[in-house]
Every structure is written in structure tokens, then in C-alpha cells.
Amino acid sequence: ARRGNNGEKVVIEQINLQPLSPKEQKEVEEEVALLPSLNHRNLVAFLESFIGIESASLKLLCIVVEYADGGDLAQLLASRSVPPPTAEVYDLFGQVLLAMKYLHDKKVLHRDLKPASIFLTRDGVVKLGGLGVAPSKSLQSSTTVHMSPCYTSPELFDDLPYKAPSDVWSLGCVLYELLTLRRAFE
């Protein structure tokens, strides 16, 4: 999509709130309200949110974020026949670590870290996006999880709360895939 008078490219993420309970809708709204406070070079920038379409069966929450013009890490890995050189791994993964440290310092859990939520720009900046954020009161634990199974920490399969170490587990799975071009657990 394009935004504003300058036609800036943006991404609009859509969440249908209609099937959610009022409590779940409130949780989503609280999580989205947190996004403007997150400002880091290695995070996809939040621009705005609004209710797009509303009807009896549809209530779309639209979240507008910056567009990363280099695709995502999943696409980069899929295009390669050999793993990236070590220096490139350090650069890519180091930027992901900076973003994750920033989030955890702000007491925010990512909850869905995977190569498809790590975006790239043509000028070499790595941007963590796809935040399944939890409100700050939940850094210690969260019962809401938005994980992809290949990147899910073992305790979540036992219905234990999601905690910061679960994000770290996911980081390890991403690093393994970056180094080997294979998912750690399939």
C-alpha cells in the first residue's frame, strides 16, 4: 500500500477482531497501543492503526508499518544453496539480537520469532517485525502465544507460560537455520 502525499510504501497488517471475545479484543487493543512506544533501528516501525472495515461479520483492525524493501530472512534463505558466509551471519543475526535485547529491556516479548518475521532492507538493515507483542506486565510470562511450531520452545508444548527464554529459544532456532539452511526441528 502507499501512504500520504509522498506515496511512501507501507505494509498494512489486518486482524479480524470480530471472532474474538470482548476480553481478547481488549488485549489486542492494549498490545497495539504499546507499538508506538517501540522505536529502534532494527524494529519495523509502527506508523498507525485504525479500524478499516466493520460489519456484522467483520471488524478489521489495520496496523500500518514501514515497508522493508529487501524481503525477509525466509526468502533469503530459500534463495540460497549454501549457507551465508560467517561475516554475513554475524551481521544479520547481530542486528536481530539488538532488536530482541531492546524489546526485552522494554519488557516486551516477541512471541513469534521466525525467519519470516525478520525483514531486510536493500541497504543492509535488518528489521524485526511481526510482533506478537505482550503488554509490559507480561515479560515474566504470557499465556498468549502466536508461535510457529518449528520455533516453539519445549515448555510451550506442555502449556507452560511463555517467558523471555522462549524468545531466546526461537533465536537459537533461527540461528541454526541461518547456519545450515535447515529448520532445527521438523
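- Closest heavy-atom contact between Ala99 and Leu43: CB-CD2, 4.0 Å.
- No donor-acceptor pair under 3.5 Å is formed between the side chain of His110 and the backbone N or O of Leu128.
- Using modelled atom types, one side-chain atom of Gln25 and one backbone atom of Leu20 make a donor-acceptor pair closer than 3.5 Å.
- Within the 4.5 Å cutoff, side-chain heavy atoms of Leu92 are placed close to those of Leu76.
- Put simply, CD on Glu29 and CG on Leu61 are 7.5 Å apart, with the number rounded to the nearest 0.5 Å.
- At a threshold of 4.5 Å between non-hydrogen side-chain atoms, the residues Arg2 and Glu8 do not count as touching.
- In the hydrophobic cluster analysis, where Ile, Leu, Val, Met, Phe, Trp and Tyr join through side-chain heavy atoms closer than 4.5 angstrom, Val32 is grouped apart from Ile12.
- Here the SG-CZ distance, from Cys173 to Arg183, works out to 10.5 Å after rounding to the nearest 0.5 Å.
- At distances below 3.5 Å, not a single donor-acceptor pair connects side-chain atoms of Asn16 with backbone N or O atoms of Leu58.
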Task: Candidate pair Glu31 and Lys26, rule salt bridge (Lys or Arg N to Asp or Glu O under 4.0 Å), full reasoning - done: CA-CA 9 Å; Glu31 291 177 359; Lys26 184 174 178 355; over 6 Å; no
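- There is a path of hydrophobic side-chain contacts, each under 4.5 Å, that joins Leu179 to Leu73.
- Counting non-hydrogen atoms of other residues, nucleotides and ligands closer than 6.0 Å to OH of Tyr90 gives a total of 12 or fewer.
- Here the closest non-hydrogen pair linking Pro84 and Leu178 is CD-O, 3.2 Å.
- Annotation: salt bridge (charged side-chain N to carboxylate O under 4.0 Å, His left out) contacts involving residues 115-129, sequence neighbours excluded, comprise Glu66-Lys127.
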Open item on the list: For a side chain to side chain contact (heavy atoms under 4.5 Å, CB included) check, start with the C-alpha distance between Val96 and Asn42, then their side-chain angles and the critical distance, and finish with the verdict.
Closed with: CA-CA 7 Å; Val96 173; Asn42 298 114; over 6 Å; no
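- Judged as a salt bridge (charged side-chain N to carboxylate O under 4.0 Å, His left out), the pairs with a partner in residues 79-99 (not counting sequence neighbours) are, in order, Arg80-Glu88.
- Listed for the Glu24 side chain is a donor-acceptor partner under 3.5 Å among the backbone atoms of Ser21.
- Separating the OG1 atom in Thr121 from the OH atom in Tyr67 is a distance of 11.0 Å, to the nearest 0.5 Å.
- Between atom CG of residue Leu109 and atom CE of residue Met100 there is a gap of 9.0 Å, rounded to the nearest 0.5 Å.
- For Asp72 against Pro115, the heavy-atom pair with the smallest separation is CB-O, 4.0 Å.
- In this structure, OG in Ser166 is found 11.5 Å from CG in Leu113, a value given to the nearest 0.5 Å.
- By the rule that hydrophobic residues join a cluster once side-chain heavy atoms approach within less than 4.5 Å of another member, Leu103 and Leu171 end up as members of one cluster.
- Under the 4.5 Å side-chain heavy-atom criterion for Ile, Leu, Val, Met, Phe, Trp and Tyr, Leu60 and Leu35 are members of distinct hydrophobic clusters.
- A heavy-atom distance below 4.5 Å is not found between the side chains of Lys101 and Leu97.
- At distances below 3.5 Å, not a single donor-acceptor pair connects side-chain atoms of Glu48 with backbone N or O atoms of Val64.
- Inter-residue side-chain proximity for Trp169 and Pro165 is flagged as unmet; no heavy-atom pair is nearer than 4.5 Å.
- Minimum heavy-atom separation, Val174 to Lys114: CG2-CA, 3.9 Å.
- The line from SG of Cys62 to CD of Glu13 is 10.5 Å long, rounded to the nearest 0.5 Å.
- Under the 4.5 Å side-chain heavy-atom criterion for grouping Ile, Leu, Val, Met, Phe, Trp and Tyr, Ile15 is connected to Leu34 within one hydrophobic cluster.
- Between Val10 and Leu47 there is a side-chain heavy-atom pair separated by less than 4.5 Å.
- In this structure, the side chain of Gln95 engages the main chain of Val126 through a donor-acceptor pair within 3.5 Å.
- A pairwise comparison of heavy atoms in Val82 and Leu181 identifies C-CD1, 3.3 Å as the closest pair.
- Nearest heavy atoms, Gly130 versus Ser117: CA-CB, 4.3 Å.
- Between Tyr176 and Arg182, the side chains place a donor N or O and an acceptor N or O closer than 3.5 Å (distance only, hydrogens not considered).
- Screening residues 19-56 for ring pair (Phe, Tyr, Trp, His ring centres under 6.0 Å) gives His40-Tyr102 as the qualifying pairs, with residues at least two apart or on separate chains.
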